[in-house]
Trainee: 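After the structure tokens below, expect a handful of questions from me.
Every chain is numbered from 1 and lettered A, B, ... according to where its sequence line falls, protein lines coming before strand lines.
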There are 2 protein chains.
Amino acid sequence: MGSLLELQKQLLPELMDVMKKRYTILHHIKLNGTVGRRTLAHSVHMTERMLRSEVDILKQQGLLDTNSSGMHISIAGEELLEGLEPYIRELFDLTDLAERIRSHFGLKEVIIVPGNSDDSILAKKELGRAGAAALRKVVQPNDVIAVAGGSTMAGIADSLIASAAFRGTWFLPARGGLGEHVELQANSIASTMAKRTGGQYRLLHVPDHLSEEAYQSLIQEPNIRELIAIIRKARIVVHGIGDAMVMATRRNVDVSVKDSLAQEGALAEAFGYYFDNSGSVVHNIPTVGLRLEDIRETELVIGVAGGRSKGEAIAAVLRFGHEDILVTDEAAAEQILNYLS
Amino acid sequence: MGSLLELQKQLLPELMDVMKKRYTILHHIKLNGTVGRRTLAHSVHMTERMLRSEVDILKQQGLLDTNSSGMHISIAGEELLEGLEPYIRELFDLTDLAERIRSHFGLKEVIIVPGNSDDSILAKKELGRAGAAALRKVVQPNDVIAVAGGSTMAGIADSLIASAAFRGTWFLPARGGLGEHVELQANSIASTMAKRTGGQYRLLHVPDHLSEEAYQSLIQEPNIRELIAIIRKARIVVHGIGDAMVMATRRNVDVSVKDSLAQEGALAEAFGYYFDNSGSVVHNIPTVGLRLEDIRETELVIGVAGGRSKGEAIAAVLRFGHEDILVTDEAAAEQILNYLS
DNA sequence: TTATGTGGGACGGATAACGTCCAGCAGATA
DNA sequence: TATCTGCTGGACGTTATCCGTCCCACATAA
């Protein structure tokens with residue numbers, strides 16, 4: 001905290017992207033010596049026109065020159081790159097981490113916020129904000145969003161704000177009661193999210209520890225059946241990721257179940273399922289709502305989790321292979337990459 | 001040189017403005033405690049809608065909160081302002097200087113670049129670039145621009161670049177030969193500017209040290225008369241400002257003239273006229289082109305000059321009272337303000 | 001010569017920004 | 001309690017800007 005760049009990331013988030021873009025362009029030009037617009041556009045993954053706008057500015061700033069054989073960096077441009085070097089790492093580190101995780105697991109997008117949610121409540125809040133921003137970015141009118149429980153999900157809910165984007169959105173709990181504290185249950189979170197954004201919600205009240213008969217008769221109830229059907233067709237699923245044993249304890253599962261989880265190598269928990277380190281499901285808590293086959297069909301699965309201690313668990317869930325967007329923090333991201341090598 | 005802000009000014013010129021704007025908004029909100037959009041818009045001199053866009057971003061960044069009684073700063077916002085404090089001075093100093101000069105002399109705009117052109121060739125180049133940018137900003141299609149001579153004007157010419165904005169622009173020398181080196185004469189500069197921007201130019205060849213008869217017959221020449229008529233109707237005049245004695249020496253004026261200049265308290269020189277410290281004209285070099293009465297009629301007079309040593313001269317010309325835009329550097333600006341108090 | 005690259009100009013359509021107006025709400029005031 | 005004022009947030013049409021697209025003149029190499 002406290003460096004100018006950190007402050008600017010808060011005050012001017014969009015300009016940091018511009019800064020990266022211009023730096024990248026100038027850097028490429030320096031490396032290539034003399035290079036043409038079309039060639040350069042291809043190598044920095046921009047359209048020719050967008051590159052051109054940026055190049056015009058850089059030229060006007062005297063950072064590069066052009067002649068009929070292409071663009072080349074000016075002395076002022078070289079000095080600028082040199083001076084910028086110590087800051088650039090800070091600017092790019094996270095996006096670099098994100099790209100490595102993204103490509104390794106074949107995700108659509110990976111967002112990494114600075115810090116470690118384990119130590120810092122600020123980083124945890126930042127994670128919530130990033131999760132909220134990611135959700136806001138992908139939501140479409142009249143979407144159905146299934147949300148899981150957990151403290152991270154609660155953090156996202158707290159960072160959501162009312163917006164026209166959420167007009168008519170339905171927030172539904174991904175699964176029934178899973179034995180957590182009431183404010184961390186999916187039901188509460190769905191309701192909070194709906195209230196904060198101006199969307200709508202419905203609750204899925206399935207008490208814990210039901211007898212098999214009671215359970216069977218409950219899920220035959222027409223209104224519950226109907227709600228479950230809607231949940232299973234959610235376009236977006238948002239969920240946290242937990243350590244398997246921590247979650248089992250928090251949910252007061254039977255000792256026998258915990259033993260079997262341990263034996264089967266359960267590492268991670270997400271939306272009520274337990275995963276081992278290969279990403280295979282080793283156990284699931286019997287309740288109603290989203291099933292694994294629904295997750296496989298879901299258009300957008302957004303996982304949000306941070307903290308160094310969660311790295312292994314996140315990696316396990318990513319190996320499961322049905323995540324689309326991951327929102328995490330720096331510490332967890334580093335840990336994830338450690339587990340890969 | 002080398003501070004991150006200095007580097008960012010080069011790479012992201014627009015960053016400074018956005019940063020100032022958002023800082024100002026947040027700062028005002030902090031000072032007011034809770035304040036409404038309209039009230040705030042008025043006190044930071046923005047339209048309500050523009051303010052709203054900025055506020056939405058700040059809100060999304062968690063730097064301020066809103067409720068039905070107005071906006072107030074969040075804890076994160078307060079921390080940000082605190083962290084930003086050491087940088088803000090660097091950010092605002094120059095604009096603050098500029099505003100004081102602008103309002104004191106009733107100018108349209110004052111642009112100040114960092115540094116001192118007397119010591120640093122880099123500052124001099126920066127002055128040229130700023131002058132070119134200022135010109136580019138105000139030029140309109142088919143404009144007639146009268147340009148004076150001098151090294152600063154040459155610096156502007158070197159920083160101009162081709163642009164559709166200069167399509168059809170005419171660059172003309174403000175006055176005939178004034179005894180300087182050829183590359184610093186208005187004629188050369190007009191031609192350079194035209195060539196670099198893609199505009200057009202015409203030259204006014206009036207040899208120095210003509211006899212009165214030759215002079216009279218020369219200015220009766222039809223093509224010269226016509227050109228002079230165009231020059232006198234220029235919408236824009238761009239000129240440097242020099243120290244009176246330095247300019248007199250450089251132009252090899254007679255010793256008798258220099259003596260009378262000294263006696264009359266000549267301090268500054270601009271477009272061939274000499275000014276004393278009250279801004280009155282005490283002498284002018286006999287050549288053809290723009291006259292004082294033309295300057296008074298000109299829509300936009302742009303003065304460009306920098307360096308601590310020029311402060312007094314600039315102040316004198318500003319007192320003359322017909323400048324619209326001043327482009328100078330930090331050292332000269334400080335000096336100008338010294339002369340006011 | 002031809003082929004392929006270059007920067008720069010031109011222009012229309014998409015898109016974001018902005019001015020403007022209004023609804024709904026909360027707290028203050030009469 | 002009723003009224004009023006100032007607040008936010010939504011809506012919408014207009015404007016300005018950005019960007020995709022196409023073209024041209026020119027330089028260079030084959």
Side-chain angles (χ1 to χ4, degrees), chain A residues 13-15 17-18 21-22 25 28-29 32-60 62-74 136-137 139 141 160-169 195-199, chain B residues 13-14 17-18 21-22 25 28-29 32-60 63-74 136-137 140-141 160-169 195-199:
Chain A
E14 76 280 21
L15 284 181
D17 292 334
V18 178
K21 192 163 49 174
R22 298 210 180 138
I25 293 172
H28 267 79
I29 293 178
N32 284 37
T34 296
V35 63
R37 214 198 305 139
R38 282 168 267 267
T39 314
L40 182 60
H42 187 259
S43 72
V44 296
H45 303 104
M46 285 193 208
T47 65
E48 189 189 329
R49 193 60 180 79
M50 287 173 83
L51 176 77
R52 191 170 161 183
S53 307
E54 298 299 334
V55 162
D56 283 347
I57 295 170
L58 293 176
K59 187 163 48 181
Q60 202 143 127
L63 300 174
L64 58 87
D65 296 323
T66 59
N67 58 30
S68 61
S69 66
M71 305 172 284
H72 57 273
I73 194 164
S74 71
R136 180 195 169 87
K137 193 174 149 194
V139 75
L160 281 168
I161 54 169
S163 153
F166 288 108
R167 170 71 42 87
T169 302
K195 283 172 190 161
R196 289 192 63 90
T197 57
Chain B
E14 72 273 29
D17 293 329
V18 179
K21 192 162 49 175
R22 298 206 181 142
I25 293 172
H28 267 79
I29 293 178
N32 285 38
T34 296
V35 63
R37 218 194 306 144
R38 280 169 271 270
T39 316
L40 183 60
H42 187 259
S43 71
V44 296
H45 303 103
M46 285 195 208
T47 65
E48 192 188 327
R49 193 61 181 79
M50 285 173 83
L51 176 76
R52 192 171 161 181
S53 308
E54 298 298 334
V55 162
D56 284 346
I57 296 170
L58 295 176
K59 188 163 47 181
Q60 203 142 127
L63 300 174
L64 58 86
D65 296 322
T66 59
N67 58 31
S68 62
S69 66
M71 306 171 282
H72 56 273
I73 194 164
S74 71
R136 179 194 169 87
K137 192 173 149 195
Q140 291 172 8
L160 281 168
I161 55 169
S163 154
F166 289 107
R167 170 72 41 87
T169 301
K195 283 172 191 159
R196 290 192 61 90
T197 57

Trainee: Rounded off to whole Å, could you give me the NE2-to-P distance for the A/His42 and C/dG5 pair?
Mentor: 13 Å

Trainee: At their closest point, which heavy atom of B/Ile25 faces which heavy atom of B/Glu54, and how far apart are they?
Mentor: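 Result for this residue pair: CD1-CB, 3.6 Å.
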
Trainee: To the nearest angstrom, how far is B/Leu51 atom CG from C/dG19 atom C1'?
Mentor: 14 Å

Trainee: Output all residues satisfying side-chain hydrogen bond (donor to acceptor under 3.5 Å, both in side chains) with B/Ser53, sequence neighbours left out; order by chain, then residue number.
Mentor: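 side-chain hydrogen bond (donor to acceptor under 3.5 Å, both in side chains) check on B/Ser53 returns B/Arg49.
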
Trainee: Give a yes/no on whether any side-chain N or O of B/Thr39 is located under 4.0 angstrom from OP1 or OP2 of D/dC7.
Mentor: yes

Trainee: Would you kindly give the CG-to-C1' distance between B/Asp56 and D/dT8, to the nearest whole Å?
Mentor: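 Value for this atom pair: 10 Å.
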
Trainee: Nearest whole Å is fine: how far is C/dA17 P from B/Met46 CE?
Mentor: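 Value for this atom pair: 15 Å.
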
Trainee: Could you check how far CG of A/Leu40 sits from P of C/dG8, rounded to whole Å?
Mentor: 14 Å

Trainee: For A/Ser69 versus A/Thr34, what's the shortest heavy-atom pair and its separation?
Mentor: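 So the minimum-distance heavy-atom pair works out to O-CG2, 3.5 Å.
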
Trainee: Would you say A/Thr169's side chain and A/Gly199's backbone share a donor-acceptor pair under 3.5 angstrom?
Mentor: no

Trainee: Please give me the minimum heavy-atom distance between B/His72 and B/Gly33, naming the atom from each residue.
Mentor: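 Answer, listing the atom of B/His72 first, then B/Gly33: CB-O, 3.2 Å.
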
Trainee: Scan nucleotides 15-30 of chain D nucleotide by nucleotide, 5' to 3', and note B when protein non-hydrogen atoms come under 4.0 Å of the base, S if they reach only the sugar-phosphate, - if neither.
Mentor: ----BBB-----S---

Trainee: Name the nucleic acid region contacted by B/Val35, choosing base, sugar-phosphate or nothing; use a 4.0 angstrom heavy-atom cut-off, strictly under.
Mentor: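 Result for B/Val35 = sugar-phosphate.
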
Trainee: Please give me the minimum heavy-atom distance between B/Glu48 and B/Ala41, naming the atom from each residue.
Mentor: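 Closest pair (atom of B/Glu48, atom of B/Ala41, distance): CA-CB, 4.0 Å.
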
Trainee: In whole angstroms, how far is the P atom of C/dG8 from the CG atom of A/Asp65?
Mentor: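 That distance rounds to 11 Å.
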
Trainee: Please check if the side chain of B/Thr197 supplies one atom and the backbone of B/Ile161 the other of a donor-acceptor pair under 3.5 Å.
Mentor: no

Trainee: Starting at atom CZ of B/Arg196, determine the distance to atom P of C/dG8, rounded to an integer number of angstrom.
Mentor: 12 Å

Trainee: Kindly say if B/Lys59 contacts the phosphate of D/dT8, meaning a side-chain N or O under 4.0 Å from OP1 or OP2.
Mentor: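 No, outside the criterion.
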
Trainee: Measure from CG on A/Asn67 to P on C/dG5 and round the result to the nearest Å.
Mentor: 17 Å

